[in-house]
Amino acid sequence: MYLHNTASGRKEFFEPENPTRVTMYVCGPTVYSYAHIGNARPAVVFDVLARVLRRVYPKLVYTRNITDIDDKINKAAAAEGVAIGVIADRYAAAYHADLEALGVLPPDFEPRVTQHIPHIIAMIETLVANGHAYAAEGHVLFNVPSYADYGQLSKRDPRELLAGARVEVAPYKKDAGDFVLWKPSTPEQPGWDSPWGRGRPGWHIECSAMAAALLGDTIDIHGGGHDLVFPHHENERAQSTCAHGGKTFARYWLHNGHVTMQHTKMSKSVGNILLLRNLLQQAPGEAVRLALLTAHYRQPLDWDDDTLPEARRKLDRLYGALRDVGPVDRVAGEAPQPFFDALADDLNTPAALAVMFELARELNKAETADDKARLTAQLRDAGALLGLLQQDPAAWFGANHEDAEIDTLIAARNAAKNAKNYAEADRIRDTLKQQGIVIEDSAQGTRWRRA
RNA sequence: GGCCAGGUGGCAGAGUGGUUAUGCAGCGGAUUGCAAAUCCGUGUACGUCGGUUCAAUUCCGGCCCUGGCCUCCA
């Protein structure tokens, strides 16, 4: 397949270094509050990528970290008077619950920073020893000018970065662009003993250390939100490359676009944050997931009041085609080639979804049992790759539960219909409609669904 | 200011140097007691001004506009 590599700025044919162990590392959340819809996008996008890659490379090792030591977590913990682990555990659990609702499969590894402090310290020691980092006033800093390729990933000129640095330059920095690998903790702050005193890791070093510990010096794919390109990933790349004797850190860099509202990035100061847990009260997780796959992953995705209802209607149509055909063994048929082609072209989910709607139309028209079984299997298999359409259609339409009251009313309506008492039949139908129940007469009899 | 994306029909959203994206909404028809669902048909869509070309929404250049990164950030 082809993937857009941020490092080169173009689509490249994806070829793993080792097909029997394909490695992917995605930057996960800092768990200091509930996840918002923007946090869900990379989780869903890279979940789809993992599903697709596994078809070709069953030995994919997918790692998505949780950052559980960070100043925002410290702040939240201090405000509540609890240990940082309490905050981290609470929001990590909430994150998992939200992602499960979205049908996101767990990654193979989900490392936490606090479990990798020794790896982090060891990597910093290596960087100090080989001249890429230095200790100063309890801090350890990466010396940016020591890495000639710095800025290549984010296409920035390091000289301009240094000259135009907006942030106040700490006096202990050798060069303005130098960034922190390790910083000292006050007695109240969480910290670990290190060769440089009691302290805690800087933000960027964690991913370098954990990726190396779990996946190796060179990984195939590194993903995350677009805003991580600089400085986070640029710094990771510098650290890892310099700690590993110049070996390539990540071979393909993938970055997803942001979820926006009114074409503007969500931000706390603007107050336009959409929490996943709130959205999940408005619509099934599957609808949220489909909404996130509606646009190509690198494009911005503008979220408004119609996004979820629209996604829901799309699922109504797809599940509608799967009704009445009965359960079908998924291995009986695979998604059609155009579907795979779409995903193989830099994960073009909108084009892949278009193929699914075409399958749905064919399925609606299919007359023979063979055609129905084949198309159902194809549609289900396509859905499996996107993490959609895996539940019973009746469950999707909310009609999987026996409901005596509704059944009684439908029976009464049918009796009225048979007696050609259409006024009474329509009255009953309107009554149900007011309860949010839509009647559908079909060849298989009368069925209902929740509007 | 530097760098990077993007401007497609009523809305969402792919894509392409000459031929149908797809979904929703609308309109017409079929089916239906009426509906719903489904099927069929239906839209002078490609920011703007130039250039290249037999032919550009698609390539090139200018301009306008929008968003992102440059500070924590998915």
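Every chain is numbered from 1 and lettered A, B, ... according to where its sequence line falls, protein lines coming before strand lines.
- The base of B:C24 does not come close enough to the side chain of A:R317 for any donor and acceptor atom to sit less than 3.5 Å apart.
- Between A:F142 and A:Y147, the ring planes are perpendicular. Angles over 60° get that label, and only those under 30° would be called parallel.
- A:N414 is linked by a side-chain hydrogen bond (donor to acceptor under 3.5 Å, both in side chains) to A:T446, counting only residues two or more places apart in sequence or in another chain.
- The stretch residues 37-46 of chain A participates, sequence neighbours left out, in no salt bridge (charged side-chain N to carboxylate O under 4.0 Å, His left out) pair at all.
- With rounding to whole Å, A:I73 atom CD1 is found 16 Å from B:C72 atom P.
- To the nearest 0.5 angstrom, A:L181 atom CG is 5.0 Å from A:I124 atom CD1.
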Query - Secondary structure of RNA chain B in dot-bracket form (Watson-Crick or G-U wobble, distances below 3.5 Å, | marking inter-strand pairs) - result: (((((((..(((.....[...))).(((((.......)))))....(((((..]....))))))))))))....

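- Side chains of A:K265 and A:H226 form no contact here, defined as non-hydrogen atoms less than 4.5 Å apart.
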Report each atom pair, protein N/O against N/O of nucleotides 28-30 of chain B, whose distance is under 3.5 angstrom.
none

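- Taking atom CG of residue A:D227 and atom C1' of nucleotide B:A74, one finds them 5 Å apart after rounding to whole Å.
- On the P atoms, B:U20 is 28 Å away from B:A37, given to the nearest whole Å.
- The side-chain heavy atoms of A:R112 and A:D89, taken from C-beta on, include a pair separated by under 4.5 Å.
- Partners of A:Y2 by side-chain hydrogen bond (donor to acceptor under 3.5 Å, both in side chains), not counting sequence neighbours: none found.
- Between the side chain of A:D157 and the base of B:G2, no donor-acceptor pair under 3.5 Å is found.
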Detail all sub-3.5 Å separations between protein N/O atoms and N/O atoms belonging to nucleotides 12-17 of chain B.
| from | atom 1 | to | atom 2 | distance (Å) |
| --- | --- | --- | --- | --- |
| B:A14 | OP1 | A:H296 | N | 2.6 |
| B:A14 | O3' | A:N348 | ND2 | 3.0 |
| B:A14 | O2' | A:N348 | ND2 | 3.4 |
| B:G15 | OP1 | A:N348 | ND2 | 3.2 |

